[in-house]
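Down below is the structure, laid out as structure tokens.
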Amino acid sequence: MAPGGGAASAGSAQSRLATESIEFLYDMEFFINRRLGKPSPMKFDESWFKRALAKDGDSIVVISDDEFIKVHVHSRKPGDVLNMALPYGELTDIRILNMREQHRDLLDHDGTVYDETADAELRAPHAILAETGLAAPEVLTGGAPVQGVPPEHVHEYAPYGIVAVAMGEGISNIFRENEVDIVLSGGQTMNPSTEDFVQAIASLCAEHIYLLPNNANIILTAQQAAELSERSVTVVPTRTIPQGMAALLAFNEAETPARNTERMKQAAESVLSGQVTLAVRDTEMGGLTIRSGEYIGIMDKEIVSSSASLQEACRTLLSRMMEEGGGELVTILTGEGSVEEETDGLVEWISSEFPEAELEVHSGGQPLYPYLIAVE
């Protein structure tokens, strides 16, 4: 091999690559510091995040732990990538390189002359912004959401995006498996804020976005976020986790937003929701004498059972729900405080008492409630 032959071969290989053929031209690398800023209720789902990056990028590397998330990607739309990362923490050490520019430099050093007509962005750098859909240079480095720009000029949007509130790892996974893009942590004692919803909305590349609050105390917050956002957002006023699950099953991406809204609301309203938890004080309500520490069964907003026995509280609750709701399908979500023997006993009792009802049992992992129950 002649001296310098290796370099010559490398240069020849580079010269055979047309600059304009580099599709994902922005080489991006940055860190998300999860300790800085306001704690976010958004759980970081690494597999979902990678899939979202892959919609318009390649060479994806995501490494995460409890404190930092390192991201590397080649993308056409760096503003979208940064906006998608913002809800998870403060962005640091941002590096964005234009690989077409790098390729031109390599060709210059190699002595290769490229065709300026074919590579017109050299003479018109703003054409790159037009091609990527970015509205302003600050999007490349600032990471702030794009302001005052029609969405169609910024993103290649999916038809729909869905944000749901959930408590428990199992329930969160069920939502993600059924079209939910972002799950916000929430429940009776830890509700997401308006800002949390707004950030989640901003991070989604979707033409129309649905919010499922899944808790009566969160509906107003979701509605405020929808009003603040400049995006097309619909709040489906789901008051419980079972209502949210029913709304999701009614969603159909092939339908119009108006039709989907109607379907999801109808599905949510057709479900009876039950929950079993521990009473925190002595009281009398609805003809029931309730003692602190007893299990209480709640159907929608009404306490219908109270017992020192978890099994008895569940059975009384389910009997009322089956009487009210028709009982074609029963779904049980097991949570904190449930035990396998109690669950098996409950399943056996349902199969005996309501043999025509279809029964599903899932691990929900929700705190405070040993069982969440849906009857349709």
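Bear in mind the structure is a predicted one, so any value in this text is a computation, not a measurement.
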Under 3.5 Å, is there a donor on one side chain and an acceptor on the other for N214 and T238? yes

Donor-acceptor side-chain pairing of S305 and T316 below 3.5 angstrom: no

R239, CZ: over 12 other non-hydrogen atoms inside 6.0 angstrom: no

Report, as yes or no, whether the 6.0 Å neighbourhood of atom CD on E360 holds more than 12 heavy atoms from other residues, nucleotides or ligands. yes

Same cluster for L91 and I60 if Ile/Leu/Val/Met/Phe/Trp/Tyr side chains link at under 4.5 Å? yes

Can you find a pair of side-chain heavy atoms, one from [X] and one from [Y], that are under 4.5 Å apart?
X	Y	value
T334	S363	yes
L211	I201	yes
I182	S203	yes

So, H72 side chain and S59 main chain: donor-acceptor pair closer than 3.5 Å or not? yes

For the pair [X] and [Y], find out whether any cationic side-chain nitrogen is under 4.0 Å from an anionic carboxylate oxygen.
X	Y	result
D65	R34	no
R315	E312	no
R320	E302	yes

